[in-house]
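All ligand and atom numbering here is 1-based and tracks the order in the structure. This is a predicted model, so every value here is computed, not measured. All heavy atoms count here, side chains included; hydrogens, waters and symmetry mates do not.
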Amino acid sequence: MKKTTLTIVAACAAAALFAGSEYKPEQWNIAAREKFAAQRFGIFIHWGIYANYAQGEWYQQKIGIDTETYGRMKDGFCPSKFDAKEWVRVFKDAGAKYVTITSRHHDGFSLWPTKVDDGYNIANTPFRRDILGELSKACDEAGLQLNFYYSLMDWHRKDYPAGRAAKRVFGEQKGDYASYKRFMLAQIGELIDNYHPGNIWFDGEWEHCSHKDGVWHRYLDWDFDTIYDFIHSKKVLVANNNHQPIRPKEDIQLFERDLPGEGTSFSKNQPMTHDRPVEQCDVIQKNVWGYKINERSFRTPEDVCAMICRCAAKDANLLMNIGPDGSGRLPARAVEVMAEVGKWMRANGYAIYGTRGLGLVKNKDGSQTGKTRKGDKVFVITIPKGAAGYPVVETLKAE
Ligand code: GLC
């Protein structure tokens with residue numbers, strides 16, 4: 001009897017923690033949100049034909065070339081060193097519990113043999129192998145969750161209504177959103193049915209909105225209700241990196257290169273939610289997501305560990321990005337950094353995984369103190385100023 005009551009109380013408490021207002025998430029959804037939040041640390045992968053240009057994932061837009069010219073690189077994309085098992089070994093060894101990869105970034109190129117596009121995908125490169133399929137298998141074998149980044153913005157298709165950023169590629173392009181939405185839904189259906197991701201992670205909505213005089217202005221009706229309902233009907237979570245306040249049907253709140261709740265960069269007008277899992281995504285090469293050959297500003301392992309701790313104290317996950325090169329290799333320095341992060345995580349992960357954040361404060365000497373909690377234990381984490389050393393964990397009994 002007592003046990004039943006406790007279970008109900010625990011279930012209600014969990015529902016209250018991770019339920020959005022207005023929208024009533026089902027039980028599978030609440031359980032999936034909890035599972036995601038407990039993972040605390042994931043690896044983000046930005047990879048596509050842009051890796052061959054070696055100038056970051058915005059290269060096409062930055063130099064303003066049409067998709068026809070840029071897309072010729074598809075015929076030279078043959079990452080012979082790609083080894084999904086080796087990637088996953090590095091990620092798991094770093095202490096990551098999940099991987100989120102760009103299934104299709106803004107350039108519109110798909111990393112799986114999608115049947116619903118015009119051939120702008122991995123099946124039509126000399127490589128031909130199903131990258132997402134191989135990664136999904138390797139993740140399953142290693143017990144890591146795979147998630148998919150999916151770009152809403154597109155620099156390839158004629159039916160995409162170009163916003164501020166895409167205009168640099170297309171000029172004015174009115175597009176046909178109903179057609180584009182059908183295409184996205186068909187692709188998302190393939191991604192979910194073929195590879196069973198934990199979440200679909202959208203990005204690019206921001207090119208159709210702006211924040212002026214305290215108000216959000218939105219210039220395209222994306223019909224997110226239909227898209228989100230479709231994803232939910234397949235029991236997959238939804239996240240959207242739109243830099244806006246979270247919507248009721250979004251399951252995970254994303255912060256781009258900003259500690260949740262700080263509002264210092266893209267999240268200036270994005271209040272932090274406290275009723276759903278939160279994830280900060282950030283870069284290991286400080287200024288870029290996709291591979292950039294001349295970008296050498298790698299974070300140190302101490303810095304990455306400090307970021308994991310700050311996120312955990314803020315009750316958030318950290319999604320740390322790596323951009324593999326055109327041959328399919330992870331940059332050597334990223335691999336070294338991750339190996340060191342893994343050592344720290346193996347020794348201190350008990351203060352991170354499966355905890356709830358209790359807050360983060362700045363001390364007079366410039367260090368920070370973060371607190372997390374699990375069961376009857378409170379973990380006090382001291383993060384040295386400027387990440388000059390590794391964070392130090394002290395365990396207390398909860399009061
Ligand atoms: C930005 C960039 C994009 C990157 C994303 C990751 O939105 O446009 O290139 O994929 O951030 O958060």
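- Judged by distance alone, the side chain of E205 and the main-chain N or O of N242 form no donor-acceptor pair under 3.5 Å.
- Checked by distance only, ligand 1 and W58 come closer than 3.5 Å through their nitrogen or oxygen atoms.
- Looking from atom 9 (O) of ligand 1 to the surrounding protein, the closest heavy atom is E57 OE2, 2.6 Å.
- Neither the backbone nor the side chain of F255 has any atom closer than 4.0 Å to an atom of ligand 1 (non-hydrogen atoms only).
- At a 3.5 angstrom cut-off on N or O pairs, H243 does not count as close to ligand 1.
- Only the side chain of N241 comes within 4.0 Å of ligand 1, judged by heavy-atom distances.
- Test K167, M153, R168 against Q61 for side chain to side chain contact (heavy atoms under 4.5 Å, CB included) and you get one pass: R168.
- Not a single heavy atom of F266 sits less than 4.0 Å from an atom of ligand 1.
- Under the 6.0 Å cut-off for aromatic ring centres, F82 and W47 qualify, their centroids lying closer than that.
- For the pair R157 and Y180, the cation does not sit on the ring face, since its NZ or CZ is not both under 6.0 Å from the ring centre and inside 45° of the axis.
- Here the side chain of N317 pairs a donor or acceptor atom with the backbone of F36 at under 3.5 angstrom.
- The heavy atom nearest to atom 7 (O) of ligand 1, out of those in N242, L254, D203, is found in D203.
- Contact annotation: the side chain of T372 never approaches that of Y350 to less than 4.5 Å [non-hydrogen atoms, C-beta and beyond].
- Looking at D117 and R104, no side-chain N of the basic residue comes within less than 4.0 Å of a carboxylate O on the acidic one, giving no salt bridge.
- Listed by atom number, the atoms of ligand 1 under 4.0 Å from W206 heavy atoms are 7 (O), 8 (O).
- Of the protein's heavy atoms, E256 OE2, 3.1 Å lies nearest to atom 1 (C) of ligand 1.
- Close approach to C281 involves these atoms of ligand 1, each under 4.0 Å from a residue heavy atom: 12 (O).
- With respect to atom 10 (O) of ligand 1, the closest heavy atom belonging to the protein is H46 NE2, 2.5 Å.
- Contacts of R257 with ligand 1, taken as heavy-atom pairs under 4.0 Å, are absent altogether.
- Contact check for Y59 versus N52: no side-chain heavy atoms found under the 4.5 Å cut-off.
- One finds no salt bridge joining D83 and R89 here, because no Lys/Arg side-chain nitrogen approaches an Asp/Glu carboxylate oxygen to under 4.0 Å.
- At least one heavy atom of H105 sits less than 4.0 Å from an atom of ligand 1.
- Annotation for ligand 1: atoms under 4.0 Å from non-hydrogen atoms of Y149 are 10 (O).
- Atoms of ligand 1 found under 4.0 Å from any heavy atom of W201, numbered from 1 in the order shown, are 12 (O).
- A salt bridge links D376 with K397: the closest approach of a Lys/Arg side-chain nitrogen to an acidic carboxylate oxygen falls below 4.0 angstrom.
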